[in-house]
Visitor: 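This is the structure, below, for whatever I ask next.
Sequence lines set the chain letters: A, B, ... in the order given, protein chains first and strands last, and positions in each chain run from 1.
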Amino acid sequence: MIHSKHLGIGFLIIILSSIGFLYSGLFPMGADNKHNAFTFWVLETLRTKSIARAASNIEVPPLNSPQLLLSGGADYNDMCSGCHLKPGQEDNDMALGLYPAPPNLTVSSDKHGHAHEDDSHNDIDATAKQQFWVIKHGIMASGMAAFGPTHDDERIWAMVAFIKRLPTLTPEQYQIITARQ
Amino acid sequence: MKILIKRSLTAITSVVLLSNIAYAHDASMHKKSNAEKPKCAAMNNADHSKMDMEDPVMLAIMAQCMKKSHTTDTGKKVMDHSSMKKS
């Protein structure tokens, strides 16, 4: 019995000191402050598991048409390249200053440092589903906005189609495909 | 009377705001702010024999560069022959 009593007091102390920490204002809120390894792991796991689950039932339409690349390319250039970069660009203010940092979508996913949670054997399909979900719904408490409220599914799939080919594009090809005329 | 004015003002404001939201991201809105022309001259030196003509990237580039308004090396618009007068 004495054991459970001690346990209860221990819990109470932990809860009270956590609340005390919240109110103390001691947490460093700046984006130039990095999470410690534990917090990073918690948030990373939370994000990848959540997105993989939410995206698992999405049906991927055919993404291999030039029309999709043109629609998605122009939209990407207007709305996304400011954070996710263009071919030939290494960094910009947003890529350097945001935390969590926007992944560089002009390099293939194994290089942009985001582990993808693959729920099927078809990696490319799983990536497309998750990218669609992220573009539509955004990622809470990060710079990644939800584009679903202002863009229909077709425009979002077009961006997924474009992002899929983006790592293969030269700066010249990128300029031609993304130009609106 | 006052209430009526208030209500109609609210109604008008909501209509204006809502219609703005609906059009805020229409593709044609982007067009004005970003009227860059595709620089197709960059493709002049490409080796066409090595191109995969079924590749959507190549098809997209061709579609962009077939349009009349792309720029050539000099940055001038390609001539629109259809609007020339016959003499």
Side-chain angles (χ1 to χ4, degrees), chain A residues 60-82 86-88 106 108 124 128 135-136 138 145-181, chain B residues 14-83:
Chain A
V60 183
L63 296 176
N64 269 336
S65 91
Q67 282 72 34
L68 285 177
L69 292 180
L70 292 176
S71 155
D75 276 346
Y76 178 90
N77 192 43
D78 285 348
M79 303 187 294
C80 323
S81 63
K86 306 178 184 197
T106 69
S108 58
I124 296 175
I135 299 168
K136 185 163 177 169
F147 290 85
T150 42
H151 296 80
D152 58 26
D153 286 4
E154 212 180 310
R155 298 234 340 249
I156 297 176
W157 278 120
M159 287 188 258
V160 173
F162 180 76
I163 291 172
K164 196 172 144 201
R165 294 308 304 269
L166 182 55
T168 69
L169 299 183
T170 65
E172 291 77 21
Q173 291 173 328
Y174 176 91
Q175 196 281 334
I176 294 173
I177 291 178
T178 60
R180 287 186 197 273
Q181 32 185 344
Chain B
S14 345
V15 167
V16 170
L17 285 179
L18 284 177
S19 51
N20 260 326
I21 291 169
Y23 287 109
H25 276 84
D26 197 82
S28 59
M29 296 273 292
H30 286 294
K31 210 168 184 174
K32 284 174 217 150
S33 60
N34 179 18
E36 201 175 325
K37 301 263 172 278
K39 296 183 181 123
C40 293
M43 290 289 114
N44 281 351
N45 297 328
D47 183 350
H48 291 260
S49 66
K50 283 193 192 128
M51 281 180 190
D52 173 4
M53 287 304 163
E54 312 235 304
D55 181 14
V57 168
M58 279 308 143
L59 293 173
I61 289 174
M62 273 158 53
Q64 286 283 78
C65 294
M66 296 301 223
K67 289 185 192 162
K68 286 177 199 145
S69 60
H70 74 77
T71 60
T72 57
D73 237 345
T74 52
K76 282 183 200 140
K77 265 197 165 188
V78 169
M79 278 185 198
D80 180 0
H81 296 268
S82 64
S83 60

Visitor: Can you tell which part of A:Leu68 gets under 4.5 Å to a heavy atom of chain B, answering side chain, backbone, both or neither?
Guide: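 No part of it gets close to chain B.
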Visitor: Any idea which heavy atoms bring B:Pro38 and A:Ala179 closest together, and the distance?
Guide: N-CB, 3.5 Å
Visitor: Which heavy atom in B:Gln64 sits nearest to a heavy atom in A:Ile176, and how many Å separate them?
Guide: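 That would be NE2-O, 2.7 Å.
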Visitor: Check whether any side-chain heavy atom of B:Lys37 sits under 4.5 Å from a side-chain heavy atom of A:Gln175, and report yes or no.
Guide: no
Visitor: Please evaluate residues B:Lys39 and A:Glu172 with respect to the criterion side-chain contact (heavy atoms from CB on, under 4.5 Å), reporting the C-alpha separation (whole Å), side-chain torsions for both, the decisive distance (0.1 Å), and the verdict.
Guide: CA-CA 8 Å; B:Lys39 296 183 181 123; A:Glu172 291 77 21; over 6 Å; no
Visitor: A:Lys136: what forms a salt bridge (charged side-chain N to carboxylate O under 4.0 Å, His left out) with it, not counting sequence neighbours?
Guide: A:Asp153
Visitor: Quick one: closest heavy-atom pair of A:Pro66 and B:Pro56, and the distance?
Guide: CB-O, 3.7 Å
Visitor: Measuring from atom CG of A:Leu69 to atom CE of B:Met58, what distance do you get when rounded to the nearest 0.5 angstrom?
Guide: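 Here the rounded value is 11.5 Å.
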Visitor: Flag the one option from A:Thr168, A:Leu70, A:Thr170 with the top tally of heavy-atom pairs under 4.5 Å to chain B.
Guide: A:Leu70
